[in-house]
Amino acid sequence: MSSVSPIQQPRRVKVRFIGPLAITLAFIMFVFAVAIYGIETRIRDRDLAERSAAVVRLFAQKLDKDNNKMMATLRAMMINQAMEDAFRLRDRAALARQGGELFRSLNAEHKITHLYFIRPELVSLYRFHSPTVFNDAIQRVTLQQARESQKPAHGLELGPMGTLTLRLVAPWRKDGELLGYLEIGEEIEHLLDEIRLSLGIDLLVLVDKHFLTLDQWQRGLDLMQRTGDWGRFGSHAVLAQTTGELPAKLDERLLQQLRDGGTAEISDLGRSIHLASVPIIDAGKRHLGDLVVMRDTTALESMFQWSMISVILISLLAASGVLGVFYLALDRVERDYRRQHDLEHQLLRLDSEHRRILQIEKLSALGTMVGGIAHQLNNPLVGVVNLAQLAEREADDPARTRELLREIRSAGEDCHAFVKRMLGFSKISCFESRPTPMAELIEDTVLLFRQAESRHVPVEVKLPEEPVVLTVDPVLIRHALFNLLVNAAQATADGEGGIVISLERGEDKERNLPGWTLAVTDHGRGMSPEAMEKIFVPFYTTRSDGTGLGLPVVQHVALLHDGQVTVVSEPRHGTRFAIWLPDSV
Ligand SMILES: Nc1ncnc2c1ncn2[C@@H]1O[C@H](COP(=O)(O)OP(=O)(O)O)[C@@H](O)[C@H]1O
Ligand SMILES: [Mg+2]
C-alpha cells in the first residue's frame, strides 16, 4: 500500500518577489533621482554660464554704446566754429567759456569725467576736468593710436592712480589740416551699476598690482574720493565693487580658479553665490585685470532643492504605489497557489485512499469469489455426503440405493459443471483477434441465442449501412454479446418489449480514440443504482440460478480488446449495456 508522499511546503511567493521588486524599484528610483539631479545641475550650470556670457556681452555693448555717444559729442564740438577758432588760437580762456557748460552737463547727465583739447604735437592744451594742468605731453595708447591712424581710437585705459577709463580720441582735421586732437572719457564704475541693475548680479573690478603703485593708488583714492581696496588680495587691487561686503571665501586661490576659466559655488552668510570671471583688456591689448561676476543663487538653489525633494517624493510615492499593487496581486497569487497546493495534496490523498479501497475491494472480491465457489461446491458436496450416508444405511434396498447413487452422481455432475465453468472463465485471458465482419458475428450470436432461449423475445439488429470489419477475437465477442442478450431476456417479462442490438461509430472521449459501440438495449425491469455498483463483481447475482459471472466476463472481454463496458439503466424502464471497441486492437 502506498502512503501519501510528502508535498513540499508551498513557497512564500510574496516574500520571494516583493524583496527583489523593492530592491529593483529602489535601484530605478536611485538612477532616476541621479539622472534628474544631473539634468537639473546641467540646467542650472548652463543658466549661470549664460548669465556670465551675458555680462561679457552687455559690458562690451555698453562700452560700444558709450563710445558712440562720446563720438557724437566730439563731432558736435568739431562743427562749433567758435570752439574751432579758440582751439586754433590756443585760447584757453575762450575754450573754457565755449565748452565749460557743455562739460558740466555731460558730467552730470552722462557721467563724462574727462574732456581734453590736445595739440597736434600731443601736448595738452586744455583739460575741462582739471584746467590747471596743461602743456604736458600725453603718452596714452589711445592718443598714439589716433595719431598713427588719423582715425578715432578708443579703449579702456588704466590711469596711474587706479582709474579705469573708457577713452575716445579723435583727430580734429579741417580741410586736410590737422588742428589737433579731442579726447573724451568716462570712468567705468557707472557701467557696473547699470549692469548690476539690468542683470541682477554683483560685479567686482580687479586690477593687477603690476600696473599700479601704492602711492599713486592712495593719491587717487584721496583725490577722487573713490573707494577701493589694495590689501584684500595679494596680487590684485579692488578697483570697484557693486556689493558692500565681499564674500569671506573669495580668496586668491579661488580667484586663480576663476581666472583659469572655471566657475565656483560658495556660500556666504546663508547665501549661495556663483562666481565667474572675464578678463579686462585695455586699449593696448594688455590684460589689466578681471571683472568678477557674482550671482546670488540662493533662490535658484532652494528651487533646485525643492524640485529634487519633489522628484524624490513623487518617485517614492509611485514606487510605493507599484509595490502596493504588486503586493496585492502577489497576495492573490499566493492564495491561489496555496489553494492549488491544498487541492493537489487532497487529490494525492484521495488517490492513495482510492488505491487502498481498490485493494480492499480486490480482497473482498476475492473473498466473495472464494465464498461463492465454496457455496457453489458445498451444496452438492453436502448432498453427496448425506446421500452416501443414506445409501450406506439403506444398502439392503438395491432400488433405493440405485436412486440415491443417481442423485449422488447428479450432485457430482453439478460440481463438475461448475468447475468447468470456472475453468472456462479463467481461459478467457488468452485471445486471438482477427478481422471479423461484425454483421455475421451478430447474426450468429442471435441465432445461438434463439436456440438457447425458450421464450420468444423479439430481437432487432441495427447495423450501419457499410460493412464493419473489426479486428477482434470473434469467440470472445460472441460470448460477451450472448451473455448480454441472455441478461436482457431474463430482465424482460413477457410482452414488455423487444431487445435492440446496435453497432455504431463512437469514440472514447477521454482518450480521444475512434471506435465502435456494440450495444444491447432492453425495456425490462432495469436496475437500481446500488445494484449497478455491484454487477461487475464476480458472483454478484440477483437470480436464484445465476452465477454472477456473465457481466464480469463481458467486462473482461472488453478490457482484453482495450475497450470498455458502460451501462445506463432505469428501474422499470430498461437497461442499455454498451461495449466500446477501438478501431484497431
Ligand atoms: N439487462 C439487465 N437488466 C436488469 N438487470 C440485469 C441486467 N443484466 C444483468 N442484470 C443484473 O446483474 C446481475 C448479474 O448479472 P450476471 O453477471 O450476468 O450474472 P447472472 O446473470 O448469473 O445473475 C443479474 O443477477 C441481474 O440482477
Ligand atoms: Mg447473466
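Counting convention: from 1, in listed order, for ligands and their atoms alike. Values below: all heavy atoms of this structure, side chains included; hydrogens, waters and symmetry mates excluded. Note that the coordinates shown come from a computational prediction; the quantities given were computed from them, not determined experimentally.
- Electrostatic pairing of Arg511 and Asp562 counts as a salt bridge here, judged by a charged N lying under 4.0 Å from a carboxylate O.
- Taking the side chain as every heavy atom from C-beta outward, Leu551 and Leu484 approach each other to under 4.5 Å.
- Every heavy atom of Gly524 sits 4.0 Å or more from the atoms of ligand 1.
- For atom 9 (C) of ligand 1, the closest non-hydrogen atom on the protein side is Asn487 ND2, 3.4 Å.
- A salt bridge between Asp336 and Arg339 is present, with a side-chain N of the basic residue lying under 4.0 Å from a carboxylate O of the acidic one.
- Contact check for Lys462 versus Ile501: no side-chain heavy atoms found under the 4.5 Å cut-off.
- Remark: ligand 1 atoms within the under-4.0 Å shell around heavy atoms of Pro552 are 17 (O).
- Protein heavy atom nearest atom 20 (P) of ligand 1, with residue, atom name and distance: Arg543 NH2, 3.3 Å.
- In summary, the atoms of ligand 1 found under 4.0 Å from a heavy atom of Thr547, numbered by their order in the structure, are 22 (O).
- Nearest protein heavy-atom contact of atom 14 (C) of ligand 1 is Tyr540 O, 3.3 Å.
- Protein heavy atom closest to atom 3 (N) of ligand 1, with residue, atom name and distance, is Ala491 CB, 3.1 Å.
- Between Glu530 and Lys534, no side-chain nitrogen of the basic residue sits less than 4.0 Å from a carboxylate oxygen of the acidic one, so the salt-bridge criterion is not met.
- Close contacts of ligand 1 with Arg525, meaning ligand atoms under 4.0 Å from a residue heavy atom, involve 4 (C), 5 (N).
- Within 6.0 Å of CD on Glu496 lie more than 12 heavy atoms contributed by other residues, nucleotides or ligands.
- Looking at Asp331 and Arg335, a side-chain N of the basic residue comes within less than 4.0 Å of a carboxylate O on the acidic one, giving a salt bridge.
- Heavy atoms of Ala531 stay at 4.0 angstrom or farther from ligand 1.
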For residues 32-42, please give each side-chain donor-acceptor pair under 3.5 Å, one per line with the distance, not counting sequence neighbours.
| from | atom 1 | to | atom 2 | distance (Å) |
| --- | --- | --- | --- | --- |
| Glu40 | OE1 | Ser307 | OG | 3.2 |
| Glu40 | OE2 | Ser307 | OG | 3.3 |
| Thr41 | OG1 | Tyr37 | O | 2.4 |

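- The CG atom of Leu448 sits 10.0 Å away from atom CG of Leu481, with the distance rounded to the nearest 0.5 Å.
- To the nearest 0.5 angstrom, Met527 atom CE is 12.0 Å from Glu570 atom CD.
- Listed by number with element, the atoms of ligand 1 under 4.0 angstrom from any heavy atom of Gly526 are 4 (C).
- Applying the 4.0 Å criterion to heavy atoms of Asp522 picks out, from ligand 1, the atoms 1 (N), 2 (C).
- Between Asp494 and Arg455, at least one side-chain N (NZ, or NE/NH1/NH2) sits under 4.0 Å from a carboxylate O, which counts as a salt bridge.
- Taking the charged nitrogens against the carboxylate oxygens, Arg400 and Asp397 have no contact shorter than 4.0 Å, which rules out a salt bridge.
- Protein heavy atom nearest atom 23 (O) of ligand 1, with residue, atom name and distance: Thr541 OG1, 2.5 Å.
- The closest approach between a heavy atom of Asn483 and any atom of ligand 1 is not below 4.0 Å.
- Closest heavy-atom approach to atom 24 (C) of ligand 1 within the set Thr575, Thr542, Val520: this belongs to Thr542.
- When all heavy atoms of Ile499 and Asp522 are compared, the pair lying nearest together is CG1-CB, 4.5 Å.
- Note: no N/O pair closer than 3.5 Å links Met527 and ligand 1 by distance alone.
- Protein atoms of type N, O or S found under 2.8 Å from the Mg ion (ligand 2) total 1.
- Polar contact check, Leu551 against ligand 1: a nitrogen or oxygen pair lies under 3.5 Å apart.
- The atoms of ligand 1 that sit less than 4.0 Å from any heavy atom of Gly546 are 22 (O).
- The pair Asp583-Arg505 counts as a salt bridge, with a side-chain nitrogen and a carboxylate oxygen less than 4.0 angstrom apart.
- Distances from ligand 1 to the non-hydrogen atoms of Phe536 include no value under 4.0 Å.
- More than 12 heavy atoms of other shown residues, nucleotides or ligands fall within 6.0 angstrom of atom CD in Glu466.
- Closest heavy-atom approach to atom 19 (O) of ligand 1 within the set Pro571, Gly548, Ser569: this belongs to Gly548.
- The closest protein non-hydrogen atom to atom 12 (O) of ligand 1 is Ile535 CG2, 3.4 Å.
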Next on the checklist: For Arg349 and Gln346: C-alpha separation, side-chain torsions, deciding distance, then whether side-chain hydrogen bond (donor to acceptor under 3.5 Å, both in side chains) applies.
Outcome noted: CA-CA 5 Å; Arg349 215 188 55 233; Gln346 266 177 22; 5.9 Å; no
